[in-house]
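What follows is a set of notes on a single structure, which appears directly below.
No hydrogens, no waters, no symmetry mates; every other heavy atom, side chains included, goes into these values. We count ligands from 1, going down the list as the structure has it; atoms in each ligand are counted the same way. The structure displayed is predicted, hence computed values, not measured ones.
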Amino acid sequence: MSILDQIELSNTPEHIAIIMDGNGRWAQQQGENRLFGHNFGVESVREALKASQDLGVKFLTLYAFSTENWNRPQEEVDGLMNLLVTTIGNEVDELHESNVIISTIGNMAGLPKSCQDKLAEASSKTKNNTGVNLVLALNYSAQWEIVEVVKDIVKDVSNGVLSVENICKETISSNLTTSGIPDPELLIRTSGEHRVSNFLLWQIAYSEFHFTDVLWPDFKKEDLYKAVLDYQSRERRFGRVSAQIENNR
Ligand code: FPP
């Protein structure tokens with residue numbers, strides 16, 4: 001039986017988030033520079049998206065550039081920004097045809113203008129689609145996002161729009177850049193690293209984690225199916241005990 005046939009389609013995650021890692025090591029293995037790895041990583045983005053479409057996943061969030069990634073060599077940063085602009089430019093029509101909605105999370109104002117423009121164009125073109133939401137995390141870090149939320153809440157309190165007693169989980173969720181997006185049920189990280197690296201810290205409170213040794217440029221549809229199969233083998237207790245979960249079945 002193929003991996004896809006083993007997946008229970010009625011129990012797939014609504015939202016999958018991926019920390020795409022290992023492009024540099026993959027390139028090094030090929031005797032090439034790091035950008036070669038990032039270029040190949042784009043093909044894996046296609047694979048992950050197609051697999052999400054196969055499974056009826058509604059949101060696919062990809063950690064494409066963190067606020068910490070600015071510390072990489074300038075040549076790599078410039079190469080990644082160019083790759084983003086050219087990839088969005090080349091792919092937007094096909095993504096639109098396949099009903100994909102393109103959106104972003106992160107500090108867009110800190111990206112080069114060409115990048116901001118391409119992303120805004122892609123997002124506006126695809127905003128009325130009804131298929132998979134491809135959420136690109138760019139110039140994103142969870143700590144940055146939480147600091148911004150704190151500032152917004154403090155402003156609302158000082159302006160008298162919000163009282164301290166009324167601050168609750170929803171106040172925070174609705175001020176995050178992911179507002180309106182359900183929390184990911186499944187977080188995947190490639191390349192054998194077992195870290196969260198400042199990604200969606202609030203939103204992954206109850207996510208299942210799937211770590212794979214596969215380097216991102218080698219990631220194929222089957223690797224996403226495997227992650228979903230692994231997810232389906234977990235018992236999600238949300239703080240309760242096993243017997244309570246069984247009784248609710
Ligand atoms: C991590 O691998 C990868 C990145 C920081 C960049 C990921 C970007 C892409 C795959 C291009 C995405 C394009 C679009 C359109 C979304 P690494 O460089 O940290 O690898 P290493 O740990 O082996 O050095």
Side-chain angles (χ1 to χ4, degrees), residues 16-53 59-96 98 100-108 110-112 114-123 125-126 132-142 144 187-200 211-221 223-224:
I16 298 180
I18 307 185
I19 303 177
M20 309 179 286
D21 196 10
N23 295 352
R25 275 163 286 166
W26 185 88
Q28 197 177 22
Q29 285 173 6
Q30 321 284 318
E32 298 284 352
N33 68 22
R34 300 178 54 80
L35 279 172
F36 187 79
H38 296 315
N39 275 301
F40 264 83
V42 173
E43 189 48 44
S44 302
V45 171
R46 279 194 207 99
E47 292 276 324
L49 183 61
K50 278 191 247 152
S52 300
Q53 288 169 324
F59 295 88
L60 176 67
T61 300
L62 302 177
Y63 203 9
F65 195 88
S66 73
T67 55
E68 285 83 18
N69 286 151
W70 296 111
N71 297 323
R72 293 191 171 200
Q74 194 57 45
E75 193 190 328
E76 183 173 348
V77 170
D78 293 344
L80 274 167
M81 292 300 144
N82 286 335
L83 179 62
L84 199 69
V85 173
T86 49
T87 305
I88 300 286
N90 292 340
E91 305 286 329
V92 68
D93 287 340
E94 201 184 317
L95 290 170
H96 185 44
S98 61
V100 171
I101 304 155
I102 301 172
S103 62
T104 55
I105 54 169
N107 184 3
M108 292 305 111
L111 291 175
S114 58
C115 237
Q116 290 183 41
D117 291 348
K118 263 286 175 267
L119 290 162
E121 208 180 293
S123 158
K125 183 166 186 157
T126 59
V132 179
N133 288 262
L134 176 64
V135 184
L136 301 175
L138 290 161
N139 196 17
Y140 174 87
S141 84
W144 161 79
L187 173 75
I188 300 173
R189 183 171 188 147
T190 58
S191 92
E193 305 291 350
H194 296 184
R195 281 190 297 279
V196 172
S197 296
N198 218 345
F199 190 41
L200 303 176
F211 298 108
T212 169
D213 287 339
V214 171
L215 301 175
W216 181 250
D218 287 329
F219 191 90
K220 297 280 177 283
K221 282 168 80 170
D223 295 300
L224 191 130

* Indicate yes or no: at least one non-hydrogen side-chain atom of K125 is less than 4.5 angstrom from one of I102. => no
* Asked: Should you measure from each heavy atom of W216, which atoms of ligand 1 turn up under 4.0 Å away?
  -> 10 (C)
* To do: Using the six-membered ring wherever Trp is involved, compare the ring planes of Y63 and Y140 and label them parallel, tilted or perpendicular (cut-offs 30° and 60°).
  => perpendicular
* Would you please determine whether R72 falls within less than 4.0 Å of ligand 1 on a heavy-atom basis? => yes
* **Minimum heavy-atom distance between M108 and I105, given as atom pair plus value** => CE-O, 3.6 Å
* To do: Considering only non-hydrogen protein atoms, determine which one is nearest to atom 13 (C) of ligand 1 and report residue, atom name and distance to 0.1 Å.
  => V42 CG2, 4.1 Å
* **Minimum-distance protein heavy atom relative to atom 1 (C) of ligand 1** => M20 O, 3.1 Å
* Asked: Is ligand 1 under 4.0 Å from a heavy atom in the side chain of N23, in the backbone, in both, or in neither?
  -> both
* Among all protein non-hydrogen atoms, which one is nearest to atom 14 (C) of ligand 1, and what is the separation to 0.1 Å? -> L84 CD1, 4.0 Å
* Closest protein heavy atom to atom 11 (C) of ligand 1, given as residue, atom name and distance to 0.1 Å -> L83 CD2, 4.0 Å
* **G24: numbered ligand 1 atoms lying under 4.0 Å from its heavy atoms** => 17 (P), 18 (O), 20 (O), 21 (P), 23 (O), 24 (O)
* atom 15 (C) of ligand 1 - nearest protein heavy atom and its distance -> T87 CG2, 3.6 Å
* Asked: Would you call the rings of F211 and H194 parallel, tilted or perpendicular, where under 30° means parallel and over 60° means perpendicular?
  -> parallel
* Ion pair present between R46 and E94, side-chain N to carboxylate O less than 4.0 angstrom? -> no
* Using heavy-atom distances, let me know which of R46, Q28, R34 sits nearest atom 17 (P) of ligand 1. => R34
* Considering only heavy atoms of N69, which atoms of ligand 1 have at least one such atom less than 4.0 Å away? -> 5 (C)
* Asked: In terms of atom number and element, which parts of ligand 1 are under 4.0 angstrom from non-hydrogen atoms of R25?
  -> 21 (P), 22 (O), 23 (O)
* State whether the shortest distance between N or O atoms of W26 and N or O atoms of ligand 1 falls below 3.5 angstrom. => no
* To do: Write out all pairs satisfying salt bridge (Lys or Arg N to Asp or Glu O under 4.0 Å) with one or both partners inside residues 27-40, taking only residues at least two apart or from two chains.
  => R34-E76
* To do: Look at the rings of F219 and W216 and say which category their plane angle falls in: under 30° parallel, 30 to 60° tilted, over 60° perpendicular.
  => parallel
* Compare every heavy atom of M20 with every heavy atom of V45, then report the nearest pair and how far apart it is. => CG2-SD, 3.9 Å
* To do: Say whether S191 and ligand 1 are in contact under the criterion: heavy-atom distance to a ligand atom below 4.0 Å.
  => no
* May I ask you to decide if N198's main-chain N or O and S141's side chain share a donor-acceptor pair within less than 3.5 Å? => no
* Output all residues satisfying salt bridge (Lys or Arg N to Asp or Glu O under 4.0 Å) with D78, sequence neighbours left out; order by chain, then residue number. => none
* Residue, atom name and distance, where the atom is the protein heavy atom closest to atom 4 (C) of ligand 1 -> H38 CE1, 3.9 Å
* To do: Would you check if the distance from the ring center of W70 to the ring center of F65 is below 6.0 Å?
  => yes
* Asked: At under 4.0 Å between heavy atoms, which part of L62 makes contact with ligand 1: side chain, backbone, both or neither?
  -> neither
* Against heavy atoms of A64, which atoms of ligand 1 measure under 4.0 Å? -> 6 (C), 7 (C), 8 (C)
* Go through ligand 1 atom by atom and flag the ones less than 4.0 Å from a non-hydrogen atom of L136. => 16 (C)
